[in-house]
Structures are given as structure tokens and as C-alpha cells.
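Reviewing the structure listed below.
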Amino acid sequence: MLPRLILPLLCALFSLSATAQETVLRAGHVFNSETGTYMQDQYVRIEEGVIQGIGPWSAFDHDGTYIDLSDKYILPGLIDAHVHLTSDAGVHGYKRLTRSLARQAITGARNARRTVEAGFTTIRNLGAPGYADIALRDAIEAGDIPGPRIIASGPSLGSTGGHCDNNLLPAEYGLKAEGVADGPWALRAKVREVRKYGANLIKICATGGVLSKGTQVGAQQLTLEEMQAIVAEARLSGMKIAAHAHGNAGIRTAIEAGVDSVEHASFISEDVIAQSIKNGTYLSMDIYVSDYILSEGEKAGILPESLEKERVVGKIQRENFRKAVKAGAKIAYGTDAGVYPHGDNARQMHYMVNWGMTPAQAIQAATLHNADLLGLSDKIGQIKPGFYADIIAVSTDPIEDIQALERIDWVMKAGTVFKQD
Ligand code: ARG
């Protein structure tokens with residue numbers, strides 16, 4: 001008796017019916033990223049880019065127009081925690097020296113569109129010269145160009161001759177990447193500098209890398225004191241820190257210094273996996289990119305020494321990814337798109353499933369968990385009232401076929417539709 005009286009009253013109070021400035025979706029199967037399960041035949045009501053309500057379609061007064069996604073699988077917009085929008089996958093090694101900063105920014109505009117159309121409505125850009133990532137972020141926010149929401153680091157910070165430096169030319173050219181500094185205070189100054197010019201977070205290079213000339217992937221390139229100084233300085237203004245690290249000593253030291261995520265984490269040992277769990281550090285392991293580097297890299301200009309390194313790193317990284325998943329590590333979804341083509345960001349899903357995750361876990365990494373890593377867990381990664389209306393639709397159930405996420409039909413970011421098939 002009581003519920004029968006209360007329900008209409010509540011409906012009136014919260015005005016469940018559609019009004020003019022609203023967008024309403026009829027959503028067939030809505031993925032709940034907290035539980036990893038679907039809710040069937042729901043309405044989603046959106047106002048000013050934010051989700052206002054969700055519930056059974058049958059309980060919704062649907063007089064007005066609505067977007068009919070009743071036969072689709074609906075998920076929160078995907079998040080990639082490691083991309084380089086201003087990088088072109090066909091331009092590596094010495095070819096990069098021919099690209100001006102202005103040209104890179106324009107490449108970034110193209111890649112931003114491809115990324116959002118692929119269903120990635122938020123990305124973390126980890127390293128871009130000339131603050132081109134900040135310019136892109138602001139242009140997208142202003143509505144000048146289409147693209148994902150961007151959390152940007154500006155130039156990556158690292159030591160002289162390290163992975164974040166540019167080591168392509170001999171001394172007489174004086175080539176040095178803008179994020180290079182040595183010693184705790186010089187690195188603190190770099191944190192202040194990138195913050196001054198608009199960075200949202202700090203990216204550091206804790207070890208050598210695959211694609212940098214003359215670096216060893218296993219070698220640690222910042223000391224504990226240097227990493228602690230960076231972390232302490234970043235924390236003063238509430239910034240997070242992402243550390244590129246392949247070698248185990250560099251990974252261990254970065255976690256000890258208190259970074260939020262370790263990127264690549266290729267040679268991570270079982271005890272350092274345990275340390276990451278204890279400290280709550282995310283592992284962002286880009287386990288797809290190896291296939292692209294080894295098949296297309298040479299044409300794109302990747303140096304022979306880098307291909308040599310990749311042959312070792314790629315395989316071990318996948319095995320260690322499996323161990324990390326099994327141990328219950330916090331896994332982010334980070335792909336290093338830019339090394340391979342933007343828009344293919346979802347290809348890694350399938351690899352994560354092949355190497356030990358369930359499809360639901362892989363999707364949770366790219367939604368719920370990445371939202372937490374980005375410090376946006378009350379705004380993105382879920383389809384829930386109060387969250388941005390970042391919503392994607394696919395025709396096939398990705399829990400049955402994870403590669404369905406490589407074929408996105410429909411994309412909405414903050415209430416605006418960016419793709420419809
Ligand atoms: N940017 C990274 C580096 O140069 C790419 C590593 C790619 N390889 C891999 N197996 N994840 O080190």
C-alpha cells in the first residue's frame with residue numbers, strides 16, 4: 001500500500017520524465033563497472049553533460065524523444081592511462097627530428113579525434129615536447145577540436161642521457177630534451193616548471209627504455225633521492241606521478257619513492273609485485289605494443305638496437321603481466337598509443353584477456369581502476385548519477401567477445417555525441 005503511494009510522489013519530486021534540455025538514452029544492456037555485470041533495459045537521463053538518473057526503462061515516463069540504444073551493449077567511456085597523442089606511429093627514430101613542434105601539435109589534433117571515436121573518452125598523456133599536450137587539452141576543452149578529456153604531463157622528466165632525454169645527435173648539436181635535470185633540487189625545479197606551464201601530473205623516466213638510443217632497459221636512471229624529491233614536490237600541489245620503468249631496480253625504487261603508477265613494469269619480480277600491492281601502486285603494462293614494434297617498427301624508423309631490445313622485453317613483460325594479475329596487483333589500462341596508431345587503443349583488451357584477465361577485469365582496468373588512478377573516480381569510469389555522460393555503445397557483448405571493443409558504434413563524451421554508426 002505504502003509503496004504505491006510513495007512511488008508516484010517520488011517520481012514527481014525527482015521529475016523522472018524528460019524535459020527540453022535533457023538527453024535520454026534507452027540502453028539495452030548497461031555494464032556496471034563496479035560489479036562487472038549488466039543491467040537490462042535501462043533509461044539514462046543526461047543534463048548538461050552529466051548523468052542525472054538511471055533506472056529501469058519500464059519505470060520511466062518516456063513521452064519525449066530519446067536515443068534508442070535498446071539493442072546495444074552500453075559501457076562507460078574507456079580510459080587509456082598511457083598515450084602520446086602528439087606522436088605519429090609511422091615516425092620513429094631519426095625521422096622524428098624532421099617534425100617541428102607545431103607539426104606535432106597538428107598530428108595531436110588528428111590523433112585526438114581518432115582516440116575519442118575509438119571510445120576512449122579520457123586519456124592520460126605521458127610526455128609531449130613543447131607542451132603540445134597542454135595546448136591540445138585546452139583546445140578540446142574549449143570545443144575547438146574533437147577529442148578525449150586529457151590529463152597531461154607536459155615534457156617527461158629524467159636524467160641526462162636517459163630515456164626521457166633525446167640522444168640522437170652528437171655533442172656539438174647540443175640536443176637535450178626539455179625535461180632533463182640531474183639532482184634532487186634541479187628535478188624539483190623541473191616539477192615546478194611543468195606545473196607552471198599547465199601540467200596535471202608528472203611523468204618521470206626511472207630506467208632506460210626500448211625506443212631511446214643508447215639506453216639499457218634494465219638500468220636505473222634516477223636515484224631514490226631524486227625520485228623522492230620529485231614525488232615530494234609534486235605532492236605539494238596534489239599532482240600524481242607516473243614512472244616509466246622496465247628494470248626491476250628502477251621499478252622497486254619508484255614504488256619506494258611513492259609514485260602512483262609504474263609504466264611498462266616489464267622486468268618486475270614477484271617480490272616487487274607484492275611491494276606494489278602493499279603500496280597501492282598501479283602497474284600500467286602495455287602488452288600489445290610489442291607486436292606493432294616488431295612487425296611495423298623498422299619501416300617507421302625504429303632503430304635496430306631498439307628492435308633488439310624489444311625482442312627481449314615484449315615476451316618477459318607479458319609473462320610478468322600474467323604473474324601480476326594472478327597475484328592480485330592493481331592493473332591500469334595503459335597502451336603507449338603513439339608508438340602504434342591512435343584509435344587502436346582497444347586492441348590491448350584482447351591481449352590482457354589472453355594473458356590472464358577475465359573480459360570484465362580488462363574492462364574494469366580501463367574504466368573503474370583507471371578512473372581511480374587518474375584521481376577522477378567520482379566523475380568517470382561508471383554510468384551513474386553525478387558522473388560525466390561518457391558513454392559508448394557496441395553491438396556485440398564484449399564479455400563474450402572482448403574484441404567487440406575494437407568496433408565501437410556510438411560514442412558520447414560529456415553529453416555530446418562524437419560518433420554514431
Ligand atoms: N616507450 C616504451 C619504451 O621505449 C615502449 C616500450 C614498448 N615495449 C613493450 N614491450 N611494452 O621503452
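Atoms within each ligand, like the ligands themselves, are counted from 1 in listed order.
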> Taking 4.0 angstrom as the limit, do E193 and K190 come out as a salt bridge?
Replying inline: yes

>> With a 6.0 Å cut-off on the ring centroids, do H264 and H82 count as close?
In response: yes

> Does atom NZ of K326 have more than 12 heavy-atom neighbours, drawn from other residues, nucleotides or ligands, at distances under 6.0 Å?
Replying inline: no

>> Under a 3.5 Å threshold, yes or no: a donor from one side chain and an acceptor from the other, between T107 and D88?
In response: no

>> Check for me whether the distance between the ring centres of F31 and Y73 falls short of 6.0 Å.
In response: no

>> Check contact between K309 and ligand 1, using heavy atoms of the residue and a distance below 4.0 angstrom.
In response: no

>> For atom 8 (N) of ligand 1, what's the nearest protein heavy-atom neighbour? Residue, atom name and distance, please.
In response: E310 OE1, 2.6 Å

> Numbering the atoms of ligand 1 from 1, which are under 4.0 Å from a heavy atom of L211?
Replying inline: 3 (C), 4 (O)

> With respect to atom 12 (O) of ligand 1, which of R318, H246, H264 exhibits the smallest heavy-atom separation?
Replying inline: H246

> Does E263 come within less than 4.0 angstrom of ligand 1, counting non-hydrogen atoms of the residue?
Replying inline: no

> Any N/O of S212 closer than 3.5 Å to an N/O of ligand 1?
Replying inline: no

>> Below 4.0 Å, non-hydrogen atoms only: which portion of D336 touches ligand 1? Side chain, backbone, both or neither.
In response: side chain

> Can you find a side-chain donor-acceptor pair between T335 and D286 that sits under 3.5 Å?
Replying inline: no

>> Distance under 4.0 Å to a non-hydrogen atom of G209: what atoms of ligand 1 satisfy this?
In response: 12 (O)

>> Measuring from atom 3 (C) of ligand 1, which candidate in V289, D291, I302, V210 has the nearest non-hydrogen atom?
In response: V210

> Will you find, in the side chains of N345 and Y333, an N or O donor that is under 3.5 Å from an N or O acceptor?
Replying inline: no

>> Could you tell me, atom by atom, which parts of ligand 1 come under 4.0 Å of a heavy atom of V313?
In response: 10 (N)

>> Once you restrict to heavy atoms under 4.0 Å, what part of I293 touches ligand 1? Side chain, backbone, both or neither.
In response: side chain

> Does CD belonging to E270 count more than 12 external heavy atoms closer than 6.0 Å?
Replying inline: no

> Which ligand 1 atoms does Q317 reach within 4.0 Å, using its non-hydrogen atoms?
Replying inline: 9 (C), 10 (N), 11 (N)

